[in-house]
Amino acid sequence: MPKATYMYWQKRLDRENPDKELEEKILEIRKDNKDYGYRRMQAELRNQGHIVNKKKVQRIMQKLGLQVTSFTRKSRKYSSYKGKIGTVAPNRIRRCFHTHIPHQKITTDTTEFKYYEVDLKGHMSMQKLYLDPFMDMCNGEIISFAISKRPTAQNIMLALKQTNEKRIKKKLGWMSPVQYRLNLLAT
């Protein structure tokens, strides 16, 4: 190692931290506001009379380990695809998504919704809900739906069961479900 480099670092090690006061101020603001990132932190410092570059505030916050985790985009989109499992159903719809006969074509899809909850300590956490609607392709009517916190087949089957119950009630008219079942057994 060259002597000049050695002497340079020797002088730097003995030097006092020029940002000590700013670091203390950032830590003080952080106690009151846990979800402040470097932009809000710089705005708050400016409100208190400290004019500091945003890059310096960002560098100091990284050094102190004050990264905000509430607003990161760490979560990934939901995908139920797990490769080819089982047999593929034949394509009976053939991209003809409209029909004039009610309940001839019914479709479903799992949709992911994100929302934020604030706990008792004031921390924001991202939560997800999964919606499984069954739609009639005749008129776009939502026949049934189910909502859950996890994308499960059980949730889809619950919505499908509701769909079948509504279809049976529409077919029955004046007949009760018990009479309908008895008629089925008789034939």
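Note that these values count all heavy atoms, side chains included, but never hydrogens, waters or copies made by symmetry.
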>> What's the separation between atom NZ in Lys20 and atom CD in Glu24, rounded to the nearest 0.5 Å?
In response: 6.0 Å
>> Please give me the minimum heavy-atom distance between Asp35 and Arg40, naming the atom from each residue.
In response: O-NH1, 3.6 Å
> Can you pull the side-chain hydrogen bond (donor to acceptor under 3.5 Å, both in side chains) pairs that have at least one residue in residues 46-56, sequence neighbours excluded?
Replying inline: Asp19-Lys56, Lys25-Gln48, Glu44-Gln48
> In terms of heavy-atom contacts, does CD1 of Ile51 have more than 12 from other residues, nucleotides or ligands at under 6.0 Å?
Replying inline: no
> Are more than 12 heavy atoms from other residues, nucleotides or ligands located less than 6.0 Å from atom CD of Glu21?
Replying inline: no
>> Which residues end up grouped with Ile101 if you chain together Ile, Leu, Val, Met, Phe, Trp and Tyr wherever their side-chain heavy atoms are less than 4.5 Å apart?
In response: none
> Are Met61 and Val52 grouped together when hydrophobic residues (ILVMFWY) are joined by side-chain heavy atoms under 4.5 angstrom apart?
Replying inline: yes
>> So for atom OH, which belongs to Tyr6, do other residues, nucleotides or ligands contribute more than 12 heavy atoms lying within a distance under 6.0 Å?
In response: no
> Between OH of Tyr130 and CG of Asn155, what distance do you get to the nearest 0.5 Å?
Replying inline: 11.0 Å
>> Closer than 3.5 angstrom, by distance alone: can the side chain of Gln62 be matched with the main-chain N or O of Gln67 as a donor-acceptor pair?
In response: no
>> Return the NZ to NE2 distance between Lys105 and His100, rounded to the nearest 0.5 Å.
In response: 9.5 Å
>> Do Val57 and Leu27 land in one hydrophobic cluster if side-chain heavy atoms of ILVMFWY residues count as linked below 4.5 Å?
In response: yes
> What are the two closest non-hydrogen atoms of Leu66 and Arg30, and how far apart are they?
Replying inline: O-NH1, 3.0 Å
> Have Thr110 and Glu112 got a donor and an acceptor in their side chains that come within less than 3.5 Å?
Replying inline: no
> Is there a chain of hydrophobic side chains (I, L, V, M, F, W, Y, each step under 4.5 Å between heavy atoms) that links Ile143 to Met157?
Replying inline: yes
> Is it the case that one hydrophobic cluster holds both Ile147 and Tyr115, taking links as side-chain heavy atoms less than 4.5 Å apart, direct or via other members?
Replying inline: yes
>> Do Phe145 and Asp132 make a side-chain contact, defined as non-hydrogen atoms from C-beta onward lying under 4.5 Å apart?
In response: no
> Taking all non-hydrogen atoms of both residues, which atom of Pro102 and which atom of Asp136 are closest, and how far apart?
Replying inline: CA-OD2, 3.8 Å
>> I need the minimum non-hydrogen distance between Ile106 and His103, along with the two atoms involved.
In response: CD1-ND1, 4.0 Å
>> Please determine whether residues Tyr36 and Leu64 belong to a single hydrophobic cluster, defined as Ile, Leu, Val, Met, Phe, Trp and Tyr linked transitively by side-chain heavy-atom distances below 4.5 Å.
In response: yes
> Do side-chain atoms of Thr163 reach the backbone of Ala159 as a donor and acceptor pair under 3.5 angstrom?
Replying inline: yes
> Any side-chain heavy atom of Thr107 within less than 4.5 Å of one from Met137?
Replying inline: yes
>> Would you say CD of Gln127 has more than 12 non-hydrogen atoms from neighbouring residues, nucleotides or ligands within 6.0 angstrom?
In response: yes
>> If I take atom CD from residue Gln42 and atom CD1 from residue Ile26, how far apart are they, to the nearest 0.5 angstrom?
In response: 10.0 Å
> Quick one: CE on Met135 to OG1 on Thr108, what's the gap to the nearest 0.5 Å?
Replying inline: 9.5 Å
>> Any side-chain to backbone donor/acceptor pair from Thr99 onto Cys138? Under 3.5 Å, distance only.
In response: no
> Going from CG on Leu158 to OG on Ser144, what distance comes out if it is rounded to the nearest 0.5 angstrom?
Replying inline: 8.0 Å
